[in-house]
Number of protein chains: 2
Amino acid sequence: MFVRITDRTYRPNSLSDFGMTTSTNQIVSLSEFTYKKGREIFGEKEPAEFVFQVKQGAVRTYKLLSDGRRQISAFHLAGDIFGLENGAVHRFTAEAVTQTTVRLVRRQSLEAGAETDAVVTRNLITMTTDNLQHAETHMLLLGRKNALERVAAFLLEMDRRMVPGSQMSLPMSRRDIADYLGITLETVSRALSRLKAENVIGFVGENHREIVLTDRIRLETFDMPA
Amino acid sequence: MFVRITDRTYRPNSLSDFGMTTSTNQIVSLSEFTYKKGREIFGEKEPAEFVFQVKQGAVRTYKLLSDGRRQISAFHLAGDIFGLENGAVHRFTAEAVTQTTVRLVRRQSLEAGAETDAVVTRNLITMTTDNLQHAETHMLLLGRKNALERVAAFLLEMDRRMVPGSQMSLPMSRRDIADYLGITLETVSRALSRLKAENVIGFVGENHREIVLTDRIRLETFDMPA
DNA sequence: CGACGAGTTGACTTCTCTCAATGAAGGTGG
DNA sequence: CCACCTTCATTGAGAGAAGTCAACTCGTCG
């Protein structure tokens with residue numbers, strides 16, 4: 001249950017072990033750690049000691065209301081950095097969606113790097129700005145799109161971000177998708193069924209998370225761009 | 001109609017005219033400009049030449065869908081900085097909610113300042129992070145709160161941000177509030193009527209934008225915190 | 001093998017939207 | 001200064017989209 005606390009006693013190597021490559025825009029660190037499915041990586045209001053990069057797997061970050069309603073603000077896939085959007089204290093909870101390996105660096109070290117290296121600084125700003133842009137786009141979705149548009153937008157976003165290929169394998173459950181899109185899991189399921197019935201998407205494997213975009217053009221019309 | 005284009009040919013004074021005070025965390029510039037109610041300050045996809053600070057009045061920033069649905073991402077009140085959250089190109093439209101005076105600085109100058117001054121850099125990051133935090137909180141509202149909770153949260157936010165006093169004078173219309181909260185103006189109106197009927201708020205003037213929070217404690221219970 | 005979790009689907013409910021009417025406020029021009 | 005027009009806000013009635021509750025299927029896993 002609280003293995004994660006033990007987990008987080010793990011310490012990455014010190015300052016000299018990481019750097020930032022301008023070419024890849026990724027924080028590079030030799031420090032890695034793996035979380036099992038559903039494990040909490042950090043909790044809301046905890047001090048933000050580390051910044052993370054997903055090496056493999058997927059992470060969800062979310063906020064809760066007191067009665068349990070959940071809003072997932074983002075899914076972080078391989079390559080993505082998370083935990084940076086926070087200040088001294090984490091502003092939401094991060095959990096492993098599937099078994100996930102992350103690289104981590106001390107936040108303090110990063111900030112020290114930013115003091116002396118303008119490139120590191122610029123990258124920090126860029127990453128924060130990217131997060132902000134994603135949040136803005138998502139606000140438009142949450143505030144003004146209907147269920148079908150939300151699900152279409154989600155599929156297109158995931159298709160764009162996941163490894164290229166004819167099909168995609170979604171790591172997250174229908175409930176996760178629902179909490180990301182601000183609807184219920186039943187509504188997600190109905191929207192997917194409708195898209196399947198109209199031959200816009202197809203289900204591939206026997207679990208229902210392998211999806212192929214049969215008609216991307218039509219899917220984009222469901223999404224409805226600005 | 002296109003006066004704003006003329007407006008924007010106005011040029012702020014050069015680099016030497018602005019700086020950033022660490023004590024107030026505000027960009028200081030002698031360059032000012034005033035927009036009439038409803039005027040566009042900048043449009044989505046326009047090059048982001050300036051960063052703005054509201055001196056007086058209020059600004060809304062929003063995104064549109066092709067069919068006209070609008071999502072206001074934020075209201076910027078006196079003292080607030082906006083246009084920074086953007087990259088080289090503005091990611092949304094900014095309009096004056098009421099007659100509004102802004103200070104402005106060239107974006108390029110700011111970036112030059114960031115190169116040489118770590119304090120400026122830190123403030124830039126802080127401001128972007130603040131925007132991000134607001135967006136995250138708003139995603140929770142848009143994705144998971146009901147109409148009454150949204151309106152209650154809005155009133156508490158405005159009360160917190162506007163000049164202290166027993167009552168507040170909202171600069172924006174019901175439609176603006178609705179597009180900020182992801183509901184319709186009728187639903188906003190009904191929620192306000194209900195809060196008034198329950199003596200949680202009161203209307204003061206003869207226009208319906210002067211509001212007093214009669215029972216802040218109860219209003220907070222309607223909002224429902226995390 | 002059985003329990004459990006995930007997903008789908010149906011029936012019904014509910015919340016918000018849509019459409020419409022009304023009244024008040026504010027701006028404009030004669 | 002006032003009549004007129006437009007905009008804004010409120011309120012009601014009905015429609016509709018999404019939520020809730022529940023049943024059922026299908027893998028997975030102990």
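Within every chain, numbering begins at 1; the chains are lettered A, B, ... in the order of the sequence lines, protein sequences first and strands thereafter. As a basis for the values below, the full set of heavy atoms in this structure was taken, side chains included, without hydrogen atoms, waters or symmetry mates. What you see is a predicted model, and the numbers here were worked out from it, not measured in a lab.
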Check your understanding: Quick one: does Arg190(B) reach the base of dT18(C) with a side-chain donor-acceptor pair under 3.5 Å?
Key -> yes
Check your understanding: What pair of heavy atoms forms the shortest contact from Ile201(A) to Thr214(A), and how long is it?
Key -> C-OG1, 3.4 Å
Exercise for review: Among dG7(C), dT10(D), dT8(C), find the nucleotide with the atom closest to the side chain of Phe203(B).
Suggested key: dT10(D)
Practice item. Ignoring hydrogens and angles, state whether a donor on the side chain of Thr61(B) or His76(B) is under 3.5 Å from an acceptor on the partner side chain. Key: yes
Practice item. Could you check whether Leu192(A) gets within reach of a base, just the sugar-phosphate, or nothing at all, counting any heavy atom under 4.0 Å? Key: nothing
Exercise for review: Could you please name the option among dT8(C), dA6(C), dT10(D) that lies closest to any side-chain atom of Arg174(B)?
Suggested key: dT10(D)
Review point. What is the nucleic acid contact for Glu206(B), judged by heavy atoms within less than 4.0 Å: base, sugar-phosphate only, or nothing?
Key: sugar-phosphate
Exercise for review: Answer with base, sugar-phosphate or nothing: what part of the nucleic acid does Arg209(B) contact at a heavy-atom distance below 4.0 Å?
Suggested key: sugar-phosphate
Practice item. Look at Thr187(B) and dT16(C) and indicate whether a side-chain polar atom (N or O) is within less than 4.0 Å of OP1 or OP2. Key: no
Practice item. For dA6(C), take OP1 and OP2 only and decide whether either is under 4.0 Å from a side-chain N or O of Arg175(A). Key: no
Check your understanding: Looking for any heavy atom pair under 4.0 Å, which part of the strands does Asn207(A) touch: base, sugar-phosphate only, or nothing?
Key -> nothing
Study note, to complete from the structure: Assign each of Arg144(A) and Glu186(A) the nucleotide of DNA chain C bearing its closest heavy atom; nearer the 5' end lies the nucleotide of Glu186(A)
Practice item. Answer with base, sugar-phosphate or nothing: what part of the nucleic acid does Arg194(B) contact at a heavy-atom distance below 4.0 Å? Key: nothing
Practice item. Could you state the atom-to-atom distance from CG of Leu181(A) to P of dA17(D) in whole Å? Key: 18 Å
